[in-house]
Amino acid sequence: MKKSDFGVVIMAAGKGTRLKSKRPKVLHEIGGQALLLHVIAAAKTIVPAQKVYCVIGHEADRVKSAVEHTGVGFVLQAEQRGTGHALQIVKAWFAVNGGDVPENLMVLSGDVPLIRTETLKQLVEIHSQEKAAMTILTAIPENALGYGRVLRAKEGSIEVKAIIEQKDLAPEQLHVREINSGIYCFATKALFAQLDSLSDKNANKEFYLTDAASLLVAGGERVVAVAAESADEVLGANTIAEMMHLDAAVRAATARRLMADGVTIFRPETCVIDTQVEVGVDTVIEPYVQLLGATKIGEDCRVRSYSVVQNSAIANGVLVRNSCVLDEAKVGVGAMIGPYAHLRPGSEIGEGAHVGNFVETKKTRMGRGSKANHLSYLGDAEIGAGVNIGAGAITCNYDGMHKHTTKIGDGVFVGSDATLVAPLTIGEGAYIAAGSCITEDVPDGALALGRSRQTTKPGWVKKRGDRA
Ligand code: UD1
Ligand code: CA
């Protein structure tokens, strides 16, 4: 069967009442990414984005804007009256929007995010081999509670006679352990022919897509089921606890992927690593590190414990010592950061540069080999190469109304506790005396002092004692 014969429908209109959350269920995140984005990524391995149709409804605008960038299409199910109703809406949408109705529809659930592309491909294959009207992906999890159960035509048969929802199970059906994953392939025509016959006379008063199984069988169509290799990939997320279980599974898989590519992760179960994160070979990640968002880390780096790195790019051979926070920062080859450094958005730390203890940078470029080793605030600064920023030196970038830039040329030496009041330019190779408050530009090669002279009174202590 050609791929062009398929479209993929993702059901994502539900509220997720069991989560008790204000956020729509499909926008809850696992592995740092919304559930729906995981499912869309899986769908796009089967068909191109234009053939993926997301059924949205509850907070439709919010869901749409969160996933629009993937290029998928949207079908609005304004009132959510069940998974069967969702497909009724899709049918009506195709009738209005015309165009090519795909010969087959794969249906995915927006809240079943761990599904692997291999499994979906296998489902497509069996669906076409069996010439089925409906092919159901099933599993046998440890705990079947809450899932719909799949009743085979006979024991060991590939054929199915019905799917019964948990709440509608008869006492003698409670022992059935094979569950419906909520993932199916349908022959579109056969499915659409039955949709009007769905009824909402059930425990939830909803139109169940699962009832299509028995309706199709009654109509003489072939309904088959195939079990996923592992139940883990079809686990649903109906409660926060289930969501966190899936989150742990996604993160464990990410850590395994990185380790398989030559990254050392000590105690990976203590690390929080988002799905998109990339790390180069021979980099070492210590326990309790968080690598978030689109973070990229090069080769031969070390990220020490308790550091949190988000949406940042770290080049090769970088050392991030303990307890650093990096957010939208770039760090050059061989740089050393921390411990306890805070690189805020727009920080660009040059090759071989050092940013030490309790140093905060924001929108600041630091050139090659420059150092700010202790207790500094560097905001809105352009710092050249080979610059030394002494302990406690700060840029005063904000006058209460506006932000201003501090430019520091190559080879400048800024003494300890200097206060650099922006806007300010310090020329190449200049020296700023320790303890200075600098308010005027300093030319190349100059020494600038901005402090009162010291007075020393010899013998003052003894004289005071004598007076007393
Ligand atoms: C569903 C299946 C159940 C299966 C389970 C697997 C039905 C009736 N039951 O149950 O057999 O074991 O998934 O996880 O299908 N949705 C809509 N519109 C609606 C209702 C739901 O788009 O009107 C979406 C939801 O957002 C969700 C998906 O469909 O992403 C499944 O709905 P949900 O209510 O979670 O179904 P389950 O009770 O989990
Ligand atoms: Ca569900």
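No experiment lies behind these values; they were computed from the predicted model shown. Order of appearance sets the numbers: ligands from 1, and atoms from 1 within every ligand.
- Counting atoms of ligand 1 from 1 in the listed order, those under 4.0 Å from a heavy atom of Asn180 are 2 (C), 3 (C), 4 (C), 5 (C), 6 (C), 11 (O), 12 (O).
- For a threshold of 3.5 Å applied to N or O pairs, the pair formed by Val112 and ligand 1 contains no separation below that value.
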Quiz item: Taking it one step at a time, do Thr119 and Glu233 satisfy side-chain hydrogen bond (donor to acceptor under 3.5 Å, both in side chains)?
Solution: CA-CA 9 Å; Thr119 306; Glu233 63 178 300; 2.8 Å; yes
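- Contacts of Arg81 with ligand 1, taken as heavy-atom pairs under 4.0 Å, involve the backbone alone.
- What sits closest to atom 22 (O) of ligand 1 on the protein, heavy atoms only, is Ala13 N, 2.9 Å.
- In terms of polar-atom proximity, Gly182 is not counted as a contact of ligand 1, lacking any N or O under 3.5 Å from an N or O of the ligand.
- Any N or O atom pair closer than 3.5 Å counts here, and Gly14 shares at least one such pair with ligand 1.
- For atom 19 (C) of ligand 1, a protein heavy-atom neighbour is found at a distance under 4.0 Å.
- Using a 4.0 angstrom heavy-atom cutoff, Ile179 does not count as in contact with ligand 1.
- Taking the six-membered ring where tryptophan is involved, the planes of Phe358 and Tyr340 are essentially parallel, since the angle between them stays under 30° and well short of 60°.
- Relative orientation of the Tyr184 and Phe186 rings is tilted, given thresholds of 30° and 60° on the angle between their planes.
- Contact annotation: Glu165 has at least one heavy atom less than 4.0 Å from an atom of ligand 1.
- A distance-only check finds a donor-acceptor pair linking the side chain of Thr188 to the backbone of Asn104 [under 3.5 Å].
- Nearest-residue assignment for atom 6 (C) of ligand 1 (options Ala144, Ser181, Ala213; heavy-atom criterion): Ser181.
- With respect to the Ca ion (ligand 2), Asp111 has OD2 as its nearest N, O or S atom.
- For ligand 1, the atoms closer than 4.0 angstrom to any heavy atom of Thr83 are 7 (C), 8 (C), 15 (O), 20 (C), 21 (C), 29 (O), 31 (C), 32 (O).
- By the criterion of a heavy-atom distance under 4.0 Å, the side chain of Arg18, and not its backbone, is placed next to ligand 1.
- Between Asn397 and the choices Thr406, Thr405, Asp380, the side-chain hydrogen bond (donor to acceptor under 3.5 Å, both in side chains) rule is met once, by Asp380.
- At a 4.0 Å heavy-atom cut-off, ligand 1 touches Asn238 through the side chain alone.
- For ligand 1 and Thr210, the ligand atoms under 4.0 Å from any heavy atom of the residue are 7 (C), 8 (C), 9 (N), 11 (O), 15 (O).
- Using cut-offs of 30° and 60° for the angle between ring planes, the Phe6 and His127 rings count as perpendicular.
- Near Tyr208, meaning under 4.0 Å from one of its heavy atoms, ligand 1 places the atoms 8 (C).
- Among the atoms of Gly82, some N or O lies under 3.5 angstrom from an N or O of ligand 1.
- At least one N/O-N/O distance between Met11 and ligand 1 falls below 3.5 Å.
- Near Ala12, meaning under 4.0 Å from one of its heavy atoms, ligand 1 places the atoms 22 (O), 26 (O).
- If you look at His58 next to ligand 1, there are no close heavy atoms at all, none under 4.0 Å.
- Side-chain contact between Arg251 and Val272 is present, with heavy atoms from C-beta onward closer than 4.5 Å.
- Asn238 and Lys25 form a side-chain donor-acceptor contact under 3.5 Å, judged by distance and modelled atom types alone.
- Checking each of Ile164, Leu151, Ile140 against Val176 for a side chain to side chain contact (heavy atoms under 4.5 Å, CB included) leaves exactly one that passes, namely Leu151.
- Judged purely by distance below 3.5 Å, without hydrogens or angles, the side chains of Gln80 and His58 never pair a donor atom with an acceptor atom.
- Thr138 places none of its side-chain heavy atoms less than 4.5 Å from the side chain of Tyr147.
- Under 4.0 Å is where a charged nitrogen must lie from a carboxylate oxygen, and between Asp261 and Arg257 no such pair does.
- Considering only non-hydrogen protein atoms, atom 35 (O) of ligand 1 sits nearest to Asp111 OD2, 3.1 Å.
- Taking all atoms of both residues into account, the shortest heavy-atom contact from Ser307 to Val320 is OG-CG1, 3.7 Å.
- Those atoms of ligand 1 with a heavy atom of Gln77 less than 4.0 angstrom away are 17 (C), 18 (N), 19 (C), 22 (O), 23 (O).
- At a cut-off of 3.0 Å, Ser109 is not counted among the residues with an N, O or S atom near the Ca ion (ligand 2).
- The proximity of Lys25 to ligand 1, defined as any non-hydrogen pair under 4.0 Å, is limited to the side chain.
- The shortest distance between side-chain heavy atoms of Lys167 and Asn204 falls below 4.5 Å.
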